[in-house]
Amino acid sequence: MSSLAATTFRWKKWRLDLPGQVPLQACRRSPDEHNDVQKKTFTKWINARFSKSGKPPISDMFSDLKDGRKLLDLLEGLTGTSLPKERGSTRVHALNNVNRVLQVLHQNNVDLVNIGGTDIVDGNPKLTLGLLWSIILHWQVKDVMKDIMSDLQQTNSEKILLSWVRQTTRPYSQVNVLNFTTSWTDGLAFNAVLHRHKPDLFSWDRVVKMSPIERLEHAFSKAHTYLGIEKLLDPEDVAVHLPDKKSIIMYLTSLFEVLPQQVTIDAIREVETLPRKYKKECEEEEIHIQSAVLAEEGQSPRAETPSTVTEVDMDLDSYQIALEEVLTWLLSAEDTFQEQDDISDDVEEVKEQFATHETFMMELTAHQSSVGSVLQAGNQLMTQGTLSEEEEFEIQEQMTLLNARWEALRVESMERQSRLHDALMELQKKQLQQLSSWLALTEERIQKMESLPLGDDLPSLQKLLQEHKSLQNDLEAEQVKVNSLTHMVVIVDENSGESATALLEDQLQKLGERWTAVCRWTEERWNRLQEISILWQELLEEQCLLEAWLTEKEEALNKVQTSNFKDQKELSVSVRRLAILKEDMEMKRQTLDQLSEIGQDVGQLLSNPKASKKMNSDSEELTQRWDSLVQRLEDSSNQVTQAVAKLGMSQIPQKDLLETVHVREQGMVKKPKQELPPPPPPKKRQIHVDVEAKKKFDAISTELLNWILKSKTAIQNT
């Protein structure tokens, strides 16, 4: 059973205001967020390569690449050459592998700056990402574009790629690609690239009506299905204020590789004449996240909305077009907001509603600058002094209407977000309280179970197993609720900060520790009960088998004739039967020892005096029967020995005497016991005695008696 993790998902609490009222920093993505996106995208790219070559995928890029073996596997596929790897697990082996990677990159003219083997072995996130980007840039970007770059006599791959995109999307009035970041957030550009070359795949008009997230998912799915391009990007990573540039370039080169690659000199010149703030991204291969943000400040997010109206001399017609576009979008956003369901009372449904509303808030954030630009354009027109009084009044009314509708939508959206947050936190708080109460009852239940003995007999133990199984079933049912708590949603904004989550995380950690302790105890006790049950069952079965065996041997001994022999043949039969019984008991002696050991093991595991006393009693009963059987075997052997002496050795064939007993050296029993006195000497008979045969028989008889005495001694020790 998995334990309760004391972690939370942090969701940004969006605040929507018109441009100028909120600093741009409130919408920026941190370098860590860009690193997370790159890590996810690069991992998908690596796994796509490994999938083609039949190699297992990686899960955590920073840890899986540390020993250098996966990097060498990747370079093998890219270079088409076999690269030896050191298979040891020490740091020295890892450094040797990574240094071989750096050597291969150097041989292939891949420039690396300030990246050493120890950086990768230590799992340095920034430098590991830098190494992977150098590999991707060389084999995914430049390698794909090297032919067209050579034909056009160009050295900047990003300039070529941007020229190709702009040339491809030129027929689409809603698309104006200016960079590899903000121009892609609404998903229209991706769809335009696909639709231009594959117009039969989907309806452009339908795509225009989609939300940004839907457009991105639509484009990535179509490219995967019909062009075989891996989904390297996730829509939620692109539909942000400033998406990761490298990840987008990676994906675009995948499209460039499979689609027609016509790029004209005019398209390149157009890119070169873009305003400096757009062109700067095309001039630099690597750019720091904060520099990228500064370069984007004041830039409109997309040409889909009239955010560029302030960059040229404004006229009334342009203003009216921009106003209509913004109002059209605003009407659609109002409808989307009204279509959202009432807040549920189910925690999982509220989480989904919260995520859906966050996506909606992100879209509002992406369009707020467009609303502000139209309002600014209206003010600009009114200050130019070129409008009639009627036109000024109309523009004033339009601006008032637009501002009022935007403000109403903004306020209502913020209020819904707040209500969703409050409802979600309250439901999650109830979840925590319910889990705490359940744990308290279960801990009390466990204390009662621990206070009871483990069972006086096997049926009682099996009953405990059934009760314990019921506890396991309850834990499995509770696991569903625990899983929900491992995905708690906590709102973090600029006011609350990390302090807002400290108390909740502490509570989660304590509950997680209690949950883990309950699960561990349940598993350990189940294993213990299972082990005792198996051993006890084995003990009882073996005892039954030994009892049946003893009964069989007792009956066999009863049938052995010990006196009144008619002839040597009857005597020989008795001697053989006694010898066979003796050998069988020697072989069975190990079973008696094993039963004693099993009984001791079960007794130690049970720690139940009553059950241990019963097992000792059963063992003693078997030992007594064994002792009795050995004693009877001794008595019978003595009687037969005396009968042999009375009949005389010459009447017994020497061959029969030698075959009666097969002597074993090992002892059967453990405890010493006084030896019995030797049998009385046989009476003298008036018959001829074979001296040699008599010596052999005496040896056999003595050995049989010694064995019996040893058996009696061992029985005393049992």
What's the spacing between [X] [atom1] and [Y] [atom2] if we round to 0.5 Å?
{"X": "D346", "Y": "E352", "atom1": "CG", "atom2": "CD", "result": "8.5 Å"}
{"X": "D457", "Y": "L461", "atom1": "CG", "atom2": "CG", "result": "9.0 Å"}
{"X": "T516", "Y": "W521", "atom1": "OG1", "atom2": "CH2", "result": "16.0 Å"}
{"X": "S51", "Y": "I46", "atom1": "OG", "atom2": "CD1", "result": "13.5 Å"}
{"X": "L71", "Y": "L132", "atom1": "CG", "atom2": "CG", "result": "6.5 Å"}
{"X": "E541", "Y": "L595", "atom1": "CD", "atom2": "CG", "result": "11.5 Å"}

Less than 4.5 Å apart, any side-chain heavy atom of [X] and any of [Y]?
{"X": "L471", "Y": "W526", "answer": "no"}
{"X": "L545", "Y": "T591", "answer": "no"}
{"X": "S572", "Y": "R576", "answer": "yes"}
{"X": "T118", "Y": "R91", "answer": "yes"}

Tell me whether [X] contacts the main-chain N or O of [Y] through its side chain, where contact means a donor paired with an acceptor under 3.5 Å.
{"X": "S451", "Y": "K448", "value": "yes"}
{"X": "R100", "Y": "P84", "value": "yes"}
{"X": "N97", "Y": "D67", "value": "yes"}
{"X": "S617", "Y": "K613", "value": "no"}
{"X": "N99", "Y": "L95", "value": "yes"}
{"X": "R525", "Y": "R520", "value": "no"}
{"X": "N124", "Y": "I120", "value": "no"}
{"X": "Q428", "Y": "V347", "value": "no"}
{"X": "S619", "Y": "M615", "value": "no"}
{"X": "T79", "Y": "L75", "value": "yes"}

Return the minimal non-hydrogen interatomic distance between [X] and [Y], and the atom names on each side.
{"X": "L546", "Y": "L592", "answer": "CD2-CD1, 3.6 Å"}
{"X": "K66", "Y": "D122", "answer": "CE-C, 4.3 Å"}
{"X": "T128", "Y": "G123", "answer": "OG1-C, 4.2 Å"}
{"X": "E230", "Y": "H224", "answer": "CA-ND1, 4.1 Å"}
{"X": "T522", "Y": "Q472", "answer": "CG2-CG, 3.6 Å"}
{"X": "R514", "Y": "A440", "answer": "NH2-N, 3.4 Å"}

Between K510 and W515, is NZ or CZ placed under 6.0 angstrom from the six-membered ring centre and within 45° of the ring axis?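 K510 over W515 ring: no.
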Geometric cation-pi criterion, R589 with W626: 6.0 Å, 45°: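 Here R589 passes the 6.0 Å and 45° test against W626.
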Near Q590 CD, under 6.0 Å, is it more than 12 heavy atoms from other residues, nucleotides or ligands?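 No, not enclosed.
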Please walk me through it: do L605 and W536 pass side-chain contact (heavy atoms from CB on, under 4.5 Å)? CA-CA 10 Å; L605 290 171; W536 207 343; over 6 Å; no
Which residues share a ring-ring contact (aromatic ring centres under 6.0 Å, His included) with W45, sequence neighbours left out: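 ring-ring contact (aromatic ring centres under 6.0 Å, His included) check on W45 returns nothing, list empty.
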For E542 and Q594, run side-chain contact (heavy atoms from CB on, under 4.5 Å): C-alpha distance rounded to whole Å, both residues' side-chain angles, the deciding distance at 0.1 Å, then the answer. CA-CA 9 Å; E542 291 296 329; Q594 290 175 346; over 6 Å; no
Any Lys/Arg nitrogen of [X] or [Y] sitting under 4.0 Å from an Asp/Glu carboxylate oxygen of the other?
{"X": "E348", "Y": "K351", "result": "yes"}
{"X": "E76", "Y": "R49", "result": "no"}
{"X": "R625", "Y": "E547", "result": "no"}

Evaluate the side-chain hydrogen bond (donor to acceptor under 3.5 Å, both in side chains) criterion for residues N638 and Q642: first the C-alpha distance (whole Å), next the side-chain angles of each, then the deciding distance (0.1 Å), finally the verdict. CA-CA 6 Å; N638 287 334; Q642 294 174 6; over 6 Å; no
Check the pair Q507 / Q433 against side-chain contact (heavy atoms from CB on, under 4.5 Å), numbers first and verdict last. CA-CA 10 Å; Q507 187 179 5; Q433 293 172 344; 5.5 Å; no
Applying side-chain contact (heavy atoms from CB on, under 4.5 Å), run through K469 and L465 and close with a yes or a no. CA-CA 6 Å; K469 185 64 177 176; L465 276 169; over 6 Å; no
I'd like to check the side-chain contact (heavy atoms from CB on, under 4.5 Å) partners of K40; sequence neighbours left out, ordered by chain and number.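 For K40 the side-chain contact (heavy atoms from CB on, under 4.5 Å) partners, ignoring immediate neighbours, are K44, D234, D237.
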Please lay out, stage by stage, how K614 and D618 fare under the test salt bridge (charged side-chain N to carboxylate O under 4.0 Å, His left out). CA-CA 6 Å; K614 177 65 169 60; D618 293 341; 2.9 Å; yes
May I have the list of side-chain donor-acceptor pairs in residues 55-65 shorter than 3.5 Å, sequence neighbours left out?
{"from": "S59", "atom 1": "OG", "to": "D64", "atom 2": "OD2", "distance (Å)": "3.4"}
{"from": "D60", "atom 1": "OD1", "to": "K39", "atom 2": "NZ", "distance (Å)": "3.4"}
{"from": "D60", "atom 1": "OD1", "to": "F62", "atom 2": "N", "distance (Å)": "3.2"}
{"from": "S63", "atom 1": "OG", "to": "D60", "atom 2": "O", "distance (Å)": "3.3"}
{"from": "D64", "atom 1": "OD2", "to": "S59", "atom 2": "N", "distance (Å)": "2.8"}
{"from": "D64", "atom 1": "OD2", "to": "D60", "atom 2": "N", "distance (Å)": "3.1"}

E586 and K582: CA distance, side-chain angles, deciding distance, salt bridge (charged side-chain N to carboxylate O under 4.0 Å, His left out) verdict: CA-CA 6 Å; E586 281 184 346; K582 173 255 183 182; 3.2 Å; yes
